[in-house]
Number of protein chains: 2
Amino acid sequence: MTKTTDSDEAGDAKRYHHGNLVEALITATVEIIEERGAEHVSVREAAKRAGVSPGAPFRHFRSKTALLTAVAEQAMDRLTKAVAKARSKIDSADPIEAFEAIGQGYLEWAISNPTHFQIISSRTLIDFEGSDSLRDHNEAIRRTMIDLLTQAQQQGRLAPGTDFDHLVLAARALVYGLARMAIDGHFREWHPSEPPALAAQRALRLFMSRMTIPSKA
Amino acid sequence: MTKTTDSDEAGDAKRYHHGNLVEALITATVEIIEERGAEHVSVREAAKRAGVSPGAPFRHFRSKTALLTAVAEQAMDRLTKAVAKARSKIDSADPIEAFEAIGQGYLEWAISNPTHFQIISSRTLIDFEGSDSLRDHNEAIRRTMIDLLTQAQQQGRLAPGTDFDHLVLAARALVYGLARMAIDGHFREWHPSEPPALAAQRALRLFMSRMTIPSKA
DNA sequence: TGCGTATGTAATCAATGTTTACATCGCAAC
DNA sequence: GTTGCGATGTAAACATTGATTACATACGCA
């Protein structure tokens, strides 16, 4: 009865009960994805890294897919927060500035967290449709971007003759394409002097400046 | 010595030598990808479908990765041809029209061949760097698009104040993003009346119309 | 015809996902 | 404190997979 500390991670003593296996497995899985790619994750390896037997993970995750989905949920959570933070930073009520800020926040997060972004968008490895959390967060981001563009339209800020639906499509495709290019290594041939996140931001800004009309203020 | 026919596939007789195993394995692998996704391909399953023992594929492919890379090479070959065909169809010397045609050809192929496009761009499953064929074809397409935009620039057809490098980046990201959205199922919420390929084409056209100046002719 | 080599088979191995029977701990009720 | 039950872990097993090795077969050329 020497120690009854129940809380967190700093224990060396190997107890029968891990205490925080779910978290430890997710962390270990992220590590493996970083080292070998999401396709080469193994549940046994994650268990080993968490210091636990091969069967233990299945007490918490029905399958390997469920484990990877949990990783995706954590990732999506962080992405949502990054986007929200990016938006809160600009105080302007200008919907176009807000859209740019959100796009930039999205891109910055995706580019500096390629592992997490990769698992979010690899929909054959995770059960996207089966996770309310994933679907909801994804829809929230998408709706925010559409709402801002709708505001811009209502304020007459879209370049004349612009079809709204195809503008939205192009904007989403641009942001998504830039993010995926980054994680797929397409930025390798880019100028070393300009970091990918900055280049992406400028491309997005170029796009928006051609699609919209500057505010009069 | 009844049959000495050496050529192709129409034989029911189970010969010891398959005759065209490489091709058969690639075809079988494509089938599996269509059914279960690229991450769930198994060499044994491909061997079974080709009517051959589990070890046989390794006579022709050093590893599973090598088999998947061969599939990617076949896919890239077809994509290159589709792009070339799209370009040859328009006789105009206008670089911007040519760019649009190529982009459209690229998108149409990617959207109607999601399986093949997926394997091309999943660079953790295939050995992209190790395949001269893949690198060369990829570089060729990229260079063609850049060259056309360069011509447009030299003819003074870019909207004033447009930074060339970021225009190229945005254009590539847009095309790539549209293609990936299609294969990742992001078009599901799109109007059912307008097929994804058409929507993508219009988004691309919108983008180009804002970035360039129409020809005087 | 005969033989070398490309191509296939069979057997085998280690690693993996998953299940099942059993062990151990944590914690609330007495 | 003791008891007992549910949550959490272990150990062992099974089928499937990627890959290797020793052996078998047949194609094609001298």
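Chain identifiers are assigned alphabetically (A, B, ...) following the order of the sequence lines, protein sequences preceding nucleic acid strands; residue numbering begins at 1 within each chain. Excluded from the calculations below are hydrogen atoms, water molecules and symmetry mates; all remaining heavy atoms, backbone and side chain alike, are included.
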Residue set satisfying salt bridge (charged side-chain N to carboxylate O under 4.0 Å, His left out) with Arg202(B), at least two apart, ordered chain then number -> Glu194(B)
Nucleotide dT17(D), atom P - distance to CG of Leu68(B) in whole Å: 15 Å
Strictly under 4.0 angstrom, non-hydrogen atoms only: write out the protein contact profile of nucleotides 15-21 of chain C, one letter per nucleotide from the 5' end, B, S or -. -BBBB-B
Taken to the nearest whole Å, CG/Leu125(B) to C1'/dG18(D) is 14 Å
Sequence neighbours excluded, the answer for side-chain hydrogen bond (donor to acceptor under 3.5 Å, both in side chains) partners of Gln118(B) is none
By side chain to side chain contact (heavy atoms under 4.5 Å, CB included), Ala171(B) pairs with (sequence neighbours left out) Phe99(B), Leu149(B), Phe207(B)
When you measure from the side chain of Ser121(B) to the backbone of Phe117(B), do you find a donor-acceptor pair of N or O atoms at a distance under 3.5 Å? yes
Restricting to side-chain hydrogen bond (donor to acceptor under 3.5 Å, both in side chains), what partner residues turn up for Lys81(A), sequence neighbours left out? Asp77(A)
Without decimals, in angstroms, what is the distance between Leu25(A) CG and dT8(D) C1'? 12 Å
Please confirm whether the shortest side-chain N or O distance from His60(B) to OP1 or OP2 of dG8(C) is below 4.0 Å. yes
Expressed as a whole number of angstroms, how long is the span from Phe61(B):CZ to dT20(D):P? 15 Å
Would you please name every residue forming a side-chain hydrogen bond (donor to acceptor under 3.5 Å, both in side chains) with Gln151(A), sequence neighbours left out? none
